[in-house]
K.L.:
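Right, I'll just put the structure down here and ask away after.
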There are 2 protein chains.
Amino acid sequence: MTSIKGKITIGQRNRLQYIILGLLNQQPQTGYDLAKAFENEIGEFWQAQHSQIYPMLKRLEAAGEITHEDTVAGEKLAKKQYTLTPTGREKLVAWVSQPSPELTPNKDEFILKLYFIKKADDPRIQPMLREQYQLHQAQLQHLQQRRETVFADRATIDQAYGHYLILDHAIERETHYVEWLAQYLKK
Amino acid sequence: MTSIKGKITIGQRNRLQYIILGLLNQQPQTGYDLAKAFENEIGEFWQAQHSQIYPMLKRLEAAGEITHEDTVAGEKLAKKQYTLTPTGREKLVAWVSQPSPELTPNKDEFILKLYFIKKADDPRIQPMLREQYQLHQAQLQHLQQRRETVFADRATIDQAYGHYLILDHAIERETHYVEWLAQYLKK
DNA sequence: GTACCCATGTAAAGTGTTACATGATTAC
DNA sequence: GTAATCATGTAACACTTTACATGGGTAC
């Protein structure tokens, strides 16, 4: 499965910073909030732990791309609410406007295991397919339910069109993954 | 897009070693050959550079899971042909037989950029979709051509069933990705 | 003879995960 | 009161990429 010109590459280009800028552009947030967003909103397409987020926030602030405001919740729980600066917003816009001419390898351990099984009648194949079927079926249902709740009001689609698109994309992807698995499960 | 139980994880489990064992199980090879395989055979699902492969081969050999034989091509070009030991084969089988109960986040920079565009009529959307359409269309054609050449003889399917499956999977994935893009390109 | 591929390796730097650490708030 | 969640941070380690480095073989 050669890439077109051997140019599949990820990492080493600090995409995390842009994603954080993008999330902060949607609304000022704390590092904790960002960590949640990486679990809930965009976990299908990128992940980052808080241990990666907090240092990055400091870097971005030192670079003048974001600022923070200290707030206190309740008696004395300290929070840092981060906001984009004009510089940060410029950088975000520049990133979004740049072409993305690279295919990303989708690391998939299950698929690789399949690759190493040679014979079509190997008894390990069916249980493996079943396991993945359950996994992806559950994920698909989860995503569908999410779309129903987040976009219950059709009017929100136009206000968060990108969000709608990527949720739709994720649902399509899982749908066809499940279909593909089902196709080979029958046999 | 929450994962089912916040359990999407990759890395830190040294999958590379298993993939190398799997590749060597198919046939004894050099590190150079392995690097090519990561570009051509399984590049859709995993990647590794030679700078990662050579040290890993040493580790695997030190662990007694592979051995090498020095050969010379031509006058004096040194090659190391690596082979699985019984221990290595056991470890490979154990890995393949283990469940793979985790969803992998498919990092996709383009999709993330979309996420940060809020309005459906943003003029950046259409050119972005067009760019991705061309990219994935080309990749799809490449994969289809690959299937035609590798599995021209239908009999090879049963001898390399896993290979057939993952190529089929990659083709399905690209097909639906292209369809998804086309759907939103029309509008 | 030169460009391109074969072949192997190391070094440096960046990215990402897991573990360590601490403390406040809320719901039961 | 206690468990779960909110909130922030650092340290150690593992993984990955890019760059540095060297030399042989083949086709033109």
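Everything numeric here is computed off the predicted structure, so don't read it as measured data. Below, chains carry the letters A, B, ... as their sequence lines are ordered, and counting in each starts from 1. Reckoned from all heavy atoms, side chains included, excluding hydrogens, waters and symmetry mates.
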K.L.:
Want to settle it: does His50(A) or Gly31(B) sit nearer the 5' end of DNA chain C, counting the closest nucleotide to each?
P.N.:
Gly31(B)
K.L.:
If only side-chain N and O atoms of Gln52(B) are considered, is one of them under 4.0 Å from the OP1 or OP2 phosphate oxygen of dT16(D)?
P.N.:
yes
K.L.:
Can you sort out the partners of Lys80(A) under salt bridge (charged side-chain N to carboxylate O under 4.0 Å, His left out), two or more places apart, ordered by chain and number?
P.N.:
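Lys80(A) satisfies salt bridge (charged side-chain N to carboxylate O under 4.0 Å, His left out) with no other residue.
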K.L.:
Check the phosphate of dG9(D) against Lys80(A), side-chain N and O only, distance under 4.0 Å to OP1 or OP2. Yes or no?
P.N.:
yes
K.L.:
How would you list all residue pairs meeting ring-ring contact (aromatic ring centres under 6.0 Å, His included) that involve residues 14-41 of chain A, not counting sequence neighbours?
P.N.:
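Residue pairs with at least one partner in residues 14-41 of chain A: Tyr18(A)-Trp95(A).
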K.L.:
Atom CD of Gln49(B) and atom C1' of dT8(C): how far apart are they, to the nearest Å?
P.N.:
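Distance, rounded to whole Å: 15 Å.
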K.L.:
For nucleotides 12-14 of chain C, give me every protein contact, N/O to N/O, under 3.5 Å, one pair per line with atom names.
P.N.:
from	atom 1	to	atom 2	distance (Å)
dG14(C)	N3	Gln12(A)	NE2	3.4

K.L.:
Applying side-chain contact (heavy atoms from CB on, under 4.5 Å), can you list everything that pairs with Arg124(B), at least two apart in sequence or on another chain?
P.N.:
Val93(A), Val96(A), Ser97(A), Ile117(B), Asp122(B), Met128(B)
K.L.:
Measure OH/Tyr32(B) against C1'/dC6(C) and give the value in whole Å, please.
P.N.:
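From Tyr32(B) OH to dC6(C) C1': 5 Å.
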K.L.:
Once ring-ring contact (aromatic ring centres under 6.0 Å, His included) is applied, what residue pairs with a partner in residues 57-85 of chain B remain, sequence neighbours excluded?
P.N.:
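Sorted pair list: His68(B)-Tyr82(B).
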K.L.:
Determine, for Arg13(A) against Glu102(A), whether the closest basic-nitrogen to carboxylate-oxygen distance falls under 4.0 angstrom.
P.N.:
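Counted as a salt bridge, because a side-chain N and a carboxylate O are separated by less than 4.0 Å.
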K.L.:
Base contacts versus sugar-phosphate-only contacts with protein, heavy atoms under 4.0 Å: please encode nucleotides 23-28 of chain C as B, S and - from 5' to 3'.
P.N.:
BSS---
K.L.:
Tell me every residue that passes side-chain contact (heavy atoms from CB on, under 4.5 Å) with Gln29(A), counting only those two or more places apart in sequence or in another chain.
P.N.:
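In terms of side-chain contact (heavy atoms from CB on, under 4.5 Å), with neighbours along the sequence ignored, Gln29(A) is linked to Leu23(A), Leu24(A), Gln27(A), Asp33(A), Leu34(A).
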K.L.:
Using whole Å, report how far CD of Glu39(B) lies from P of dC6(C).
P.N.:
10 Å
K.L.:
What residues form a ring-ring contact (aromatic ring centres under 6.0 Å, His included) with Tyr177(A), not counting sequence neighbours?
P.N.:
His136(A), His169(B)
K.L.:
Which word best sums up how the rings of His50(B) and Tyr54(B) line up, parallel for under 30°, tilted for 30 to 60°, or perpendicular for over 60°?
P.N.:
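Because their plane-to-plane angle is over 60°, the rings of His50(B) and Tyr54(B) count as perpendicular.
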K.L.:
Asp121(A): what forms a side-chain contact (heavy atoms from CB on, under 4.5 Å) with it, not counting sequence neighbours?
P.N.:
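Scan of Asp121(A) (side-chain contact (heavy atoms from CB on, under 4.5 Å), adjacent residues dropped) gives Lys119(A).
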K.L.:
Using whole Å, what does the distance between atom P of nucleotide dG24(D) and atom CG of Asp70(B) come to?
P.N.:
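Distance, rounded to whole Å: 16 Å.
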K.L.:
Can you tell me the distance, in whole Å, between the NZ atom of Lys107(B) and the C1' atom of dT17(D)?
P.N.:
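These atoms are roughly 13 Å apart.
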K.L.:
For dC6(C), does OP1 or OP2 lie under 4.0 Å from any side-chain N or O of Thr30(B)?
P.N.:
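So the side chain of Thr30(B) is outside the cut-off, no N or O lying under 4.0 Å from OP1 or OP2 of dC6(C).
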K.L.:
Test of understanding: with side chain to side chain donor-acceptor pair (under 3.5 Å), list the residues that count as partners of Ser100(A), not counting sequence neighbours.
P.N.:
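Result, side chain to side chain donor-acceptor pair (under 3.5 Å) vs Ser100(A): Lys113(B).
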K.L.:
When the distance from CG of Asp33(B) to P of dG9(C) is rounded to whole Å, what number comes out?
P.N.:
13 Å
K.L.:
Which class fits the ring pair His176(A) and His176(B): parallel under 30°, tilted 30 to 60°, perpendicular over 60°?
P.N.:
parallel
K.L.:
Can you list everything that forms a ring-ring contact (aromatic ring centres under 6.0 Å, His included) with Phe110(A)? Sequence neighbours excluded, please.
P.N.:
none
K.L.:
When you get a sec, tell me which of dT5(D), dT8(C), dT10(C) is the closest nucleotide to the side chain of Ser51(B)?
P.N.:
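The answer is dT10(C).
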K.L.:
In whole angstrom, what separates Ile53(A)'s CD1 from dT8(D)'s P?
P.N.:
10 Å
K.L.:
Could you list by number each residue of residues 54-65 of chain A showing a heavy-atom separation from DNA chain C of less than 4.0 Å, or answer none if no residue does?
P.N.:
none
